[in-house]
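Reviewing the structure listed below.
No experiment lies behind these values; they were computed from the predicted model shown. Protein chains get the first letters and strands the later ones, always in sequence-line order, with residue 1 at the start of each.
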2 protein chains.
Amino acid sequence: MSARRLKPKITAPIFAALGDETRLRIVARLSAGGPMSIAHLTRDASVTRQAVTKHLHVLAHAGLARSARLGRESVWELQPEPLDAARRCLDGISAQWDAVLDRLKTFVED
Amino acid sequence: MSARRLKPKITAPIFAALGDETRLRIVARLSAGGPMSIAHLTRDASVTRQAVTKHLHVLAHAGLARSARLGRESVWELQPEPLDAARRCLDGISAQWDAVLDRLKTFVED
DNA sequence: GTCATGCGCAACTATCCGGTTGCCTTTTCC
DNA sequence: GGAAAAGGCAACCGGATAGTTGCGCATGAC
């Protein structure tokens, strides 16, 4: 099992996008409430609307979110594929680590 | 199902630690090869030993890795709990998002 | 004893990043 | 038509961060 299957170059930007507290809160709100506008996201966000906008663009650049203009507001929704990629990456790491622990254990018992 | 269960304040630093390509490579190597020294990690790391050391300390600060001095070398190993926390966070987001999609679908069909 | 290896510490640099303020355009509502 | 709401664009700031180089200290090999 090669570490190449984890594709760090692809998944690292996804983790980086999730690695900010404000941004992770936005992702959580979008996942819980469904698609919503920037103003609605800003309502209880503790930061400015422009900050929220920047975070949304970061998420979009990582493929995690997507926007559509609807009248005068822009509605943002989550994109599930990158989330799945991140999950697969973590699963791979855990699996490899478990395998290593097993090997070490049997080696010691040997 | 509340978004509070995702605990962004706790999990965001973990994602941030995984959000650097060099660091994610280190995690992948540790998970695939088991505990190893800094020099061994540096061998094919494309950056300096000091850079690797800094990254390891970042991982340690996020609870993802742990070191033990063994003679003149310091051996680093992965810590699985934060990885599991990150996985649970992603699972929660995906589950919430799926639930929202279901609600929207039945709403449209209604 | 001596030399190479492994590592930590400190200083320095360049860049990125999160957040703000200010201003302007578009759309809705009355 | 005019006020207000939603949002884009740009400039700016302070702090974090990824990386380097240089040096000194222990430990293991011979």
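Relative to the side chain of B:Val47, the nucleotides D:dG28, D:dA18, D:dG19 differ in distance, and D:dG19 lies closest. Residue A:Arg49 has its side chain nearest to D:dG7 when only C:dG19, C:dT28, D:dG7 are considered. Listed candidates were D:dG7, C:dG8, D:dT20. Nearest to the side chain of B:Lys54 is D:dT20. Residue A:Arg43 places its side chain closer to D:dA6 than to any other of D:dA6, D:dG8, C:dG19. Among C:dG19, C:dT27, D:dG8, the nucleotide with an atom closest to any side-chain atom of A:Arg69 is D:dG8. Checking C:dC7, D:dG7, D:dG19 against the side-chain heavy atoms of B:Ala39 singles out C:dC7 as nearest. Nearest to the side chain of B:Ile38, among C:dC7, D:dT20, D:dC12, sits C:dC7.
Panel note: side chain B:Arg23, backbone B:Leu18; no donor-acceptor pair is recorded below 3.5 Å. In this structure, the side chain of B:Ser94 does not engage the main chain of B:Asp91 through any donor-acceptor pair within 3.5 Å.
Counting distance only, with no hydrogens placed and no angle test, the side-chain atoms of B:Arg72 and the base atoms of C:dT5 include a donor-acceptor pair under 3.5 Å. With hydrogens and angles left out, the side chain of A:Gln50 and the base of C:dG18 share no donor-acceptor pair within 3.5 Å.
Within 4.0 Å (heavy atoms only), A:Ser74 reaches sugar-phosphate atoms of the nucleic acid but no base atom.
Salt-bridge formation is not detected for the pair A:Arg25/A:Asp20: no Lys NZ or Arg NE/NH1/NH2 atom is positioned less than 4.0 Å from an Asp or Glu carboxylate oxygen. Between B:Asp84 and B:Arg87 there is a salt bridge, since at least one side-chain N of the basic residue sits less than 4.0 Å from a carboxylate O of the acidic one.
Remark: P of D:dA6 and CG of A:Leu41 are 13 Å apart, rounded to the nearest angstrom. Taking atom CD of residue A:Glu73 and atom C1' of nucleotide C:dC29, one finds them 14 Å apart after rounding to whole Å. The CG atom of A:Asp20 sits 13 Å away from the P atom of D:dA16 (whole-angstrom rounding). Computed from coordinates, the B:His40 NE2 to C:dC7 P distance equals 11 Å when rounded to whole Å. If you measure from atom CG of B:Leu59 to atom C1' of D:dT17, you get 14 Å, rounded to the nearest angstrom. Between B:Arg25 atom CZ and D:dG19 atom C1' the separation is 16 Å, expressed in whole Å. Summarising the geometry, the separation between CG on B:Leu70 and C1' on C:dC7 is reported as 14 Å, rounded to the nearest angstrom. Computed from coordinates, the B:Met36 CE to C:dC7 C1' distance equals 17 Å when rounded to whole Å.
Here B:Arg23 does not reach the OP1 or OP2 of D:dT17: none of its side-chain N or O atoms lies under 4.0 Å away. Applying the 4.0 Å criterion to OP1 and OP2 of D:dG19, one finds that B:His55 has a side-chain N or O inside that range. For C:dG6, the OP1/OP2 oxygens have no side-chain nitrogen or oxygen of B:Thr42 closer than 4.0 Å.
The only option from A:Val58, A:Leu78, A:Leu83 that meets the side chain to side chain contact (heavy atoms under 4.5 Å, CB included) definition with A:Leu64 turns out to be A:Leu83.
The aromatic rings of B:Trp76 and B:His57 sit perpendicular, their planes meeting at an angle over 60°, well past the 30° parallel limit.
Residue A:His57 is the one, among B:Ala51 and A:His57, whose nearest nucleotide of DNA chain D lies closer to the 5' end (criterion: closest heavy atom).
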